[in-house]
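Both backbone and side-chain heavy atoms feed into the values below; hydrogens, waters and symmetry mates do not. Here, residue 1 is the first one in the sequence, and each next residue gets the next number.
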Amino acid sequence: MAVSVPARAPLTWRVARLVERRVETPTAQTLVLELSDWPGHLPGQHLDIRLTAPDGYQTARSYSLAGPVVDGPGGPRIEVTVQRVPDGEVSPYLIDTYAEGDPVEVRGPVGGWFVWRAEESAPVLLVGGGSGIVPLMAMLRARRAAGSRTPFRLLYSVRTPDDVIYADELRRRGRDDLGLDVAYLYTRQAPEGWRGEPHRIGLADVNSHGWPADLEPVNYVCGPTGFVETVADLLVGLGHQPRRVKTERFGPTG
């Protein structure tokens, strides 16, 4: 399992092929892509996927890498998790039409700020909204693969229980991964037995499930723009240094 990344590897378009897909929720799927070569990546980085129509029209979207690269029989394998965007150009094709063995162009890895490295020892808080869980899951998977003992906490905000991406794996990791705490926040409908009423994330949630600022944790926040801005402001208001609040946001394009 490779996780190293060459310094400033040149970004070039590569041809990848779909070798597996997993349904995560009614609107999200994980695509496993195999390439002949890949420079490696760090958890938190993303890639671009480009589609070309028969008439030559091209469009591209960015997707977070969902886990470490692994070796496949035909070359390295990488994963992205795609959530359908209504009236989107790329996500409906990837979910409904893109078939096993079909080619697609990818370029990456992209990004160097919103990343976690296994040699880091500071406590980590991950706060995800909706599909913002994807790069955070990459960090959880990399932590486990590296045998890291760095303490992690995850606070995951979703609309309903059916919207939890990686539900089974998160349940398993919350039980088996030492030093990992997983908490959920529901904004529209909560499961039976969940304490409290559905609500948007607020100060009490971040204060209860995050780390005290004096421990100098690294905080990673990913989700829709409004969600990210709210959580980042709450963390800074609780005394966390802005440079230790790393954010990644996404818009409605798909």
Under 3.5 Å, side chain of [X] to main-chain N/O of [Y], donor-acceptor pair present?
X      : Y      : value
Tyr156 : Val164 : no
Asp176 : Arg173 : no
His199 : Arg188 : no
Arg50  : Thr59  : no
Asp177 : Gly174 : no

When rounded to the nearest 0.5 angstrom, what distance separates [atom1] in [X] from [atom2] in [Y]?
X      : Y      : atom1 : atom2 : value
Thr81  : Tyr63  : OG1   : OH    : 11.0 Å
Arg153 : Asp181 : CZ    : CG    : 6.0 Å
Thr30  : Met137 : OG1   : CE    : 9.0 Å
Gln45  : Ser64  : CD    : OG    : 10.5 Å
His46  : Arg107 : NE2   : CZ    : 9.5 Å
Asn219 : His240 : CG    : NE2   : 5.0 Å

Is it possible for you to check whether Arg141 lies under 6.0 Å from the centre of the six-membered ring of Tyr166, through NZ or CZ, and within 45° of that ring's axis?
-> yes
Are [Y] and [X] linked, directly or through intermediate hydrophobic residues, by side-chain heavy-atom contacts shorter than 4.5 Å (ILVMFWY only)?
X      : Y      : answer
Leu65  : Leu140 : no
Phe250 : Ile201 : no
Phe227 : Val245 : yes
Leu215 : Leu154 : yes
Met139 : Val221 : yes

What one should report as the nearest heavy-atom pair of Gly67 and Ala138 is N-CB, 3.8 Å
Exercise: identify the closest heavy-atom pair between Tyr98 and Pro103 =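 Here Tyr98 and Pro103 meet closest at CE1-O, 3.7 Å.
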Quick check: are there more than 12 heavy atoms from other residues, nucleotides or ligands sitting under 6.0 Å from CG of Asp87?
->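 No, not enclosed.
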So does Gln58 have more than 12 non-hydrogen atoms from other groups sitting under 6.0 Å from CD?
-> yes
In the structure I gave you, are the side-chain heavy atoms of [X] and [Y] within less than 4.5 Å of one another anywhere?
X      : Y      : result
Tyr186 : Val158 : yes
Val218 : Arg244 : yes
Pro68  : Arg144 : no
Leu185 : Trp194 : yes
Tyr93  : Ile95  : no
Val106 : Leu35  : yes
Tyr184 : Leu170 : yes
Leu47  : Trp38  : yes

Atom pairs and distances, side-chain donor-acceptor, residues 72-80, under 3.5 Å, sequence neighbours left out:
from, atom 1, to, atom 2, distance (Å)
Arg77, NE, Glu34, OE2, 2.7
Arg77, NH2, Glu34, OE2, 3.1
Glu79, OE1, Arg22, NH2, 2.8
Glu79, OE2, Arg22, NH2, 3.4

Are Asp48 and Arg61 within salt-bridge range, i.e. N to O under 4.0 Å?
-> no
Scan the side chains in residues 115-135 for donor-acceptor partners under 3.5 Å anywhere in the protein, sequence neighbours excluded, and list what turns up.
from, atom 1, to, atom 2, distance (Å)
Ser131, OG, Gln83, OE1, 3.4

What residues, two or more places apart in sequence or in another chain, satisfy side-chain hydrogen bond (donor to acceptor under 3.5 Å, both in side chains) together with [X]?
X      : value
Glu100 : none
Glu229 : Arg249
Arg243 : Gln241

Trace of the side-chain contact (heavy atoms from CB on, under 4.5 Å) decision for Ser157 with Thr187 | CA-CA 7 Å; Ser157 174; Thr187 62; 3.6 Å; yes
Side-chain hydrophobic cluster, 4.5 Å single linkage: members besides Val32 =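 Once heavy-atom contacts under 4.5 Å are chained together, Val32 belongs with Val19.
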List the steps, then state whether side-chain contact (heavy atoms from CB on, under 4.5 Å) holds for Arg14 with Asp37.
-> CA-CA 8 Å; Arg14 295 174 165 85; Asp37 68 291; 2.8 Å; yes
In sequence, state the C-alpha distance, the side-chain angles, and the governing distance for Arg84 and Asp96, and then conclude on salt bridge (Lys or Arg N to Asp or Glu O under 4.0 Å).
-> CA-CA 9 Å; Arg84 179 195 301 277; Asp96 298 330; 2.7 Å; yes
May I have the step-by-step check of side-chain contact (heavy atoms from CB on, under 4.5 Å) for Val206 and His209, ending in yes or no?
-> CA-CA 5 Å; Val206 177; His209 300 292; over 6 Å; no
Walk me through it: do Arg17 and Asp102 pass the test salt bridge (Lys or Arg N to Asp or Glu O under 4.0 Å)?
-> CA-CA 5 Å; Arg17 295 184 183 276; Asp102 284 353; over 6 Å; no
Working for side-chain contact (heavy atoms from CB on, under 4.5 Å), residues Leu238 and Leu203 = CA-CA 9 Å; Leu238 287 169; Leu203 179 62; 3.6 Å; yes
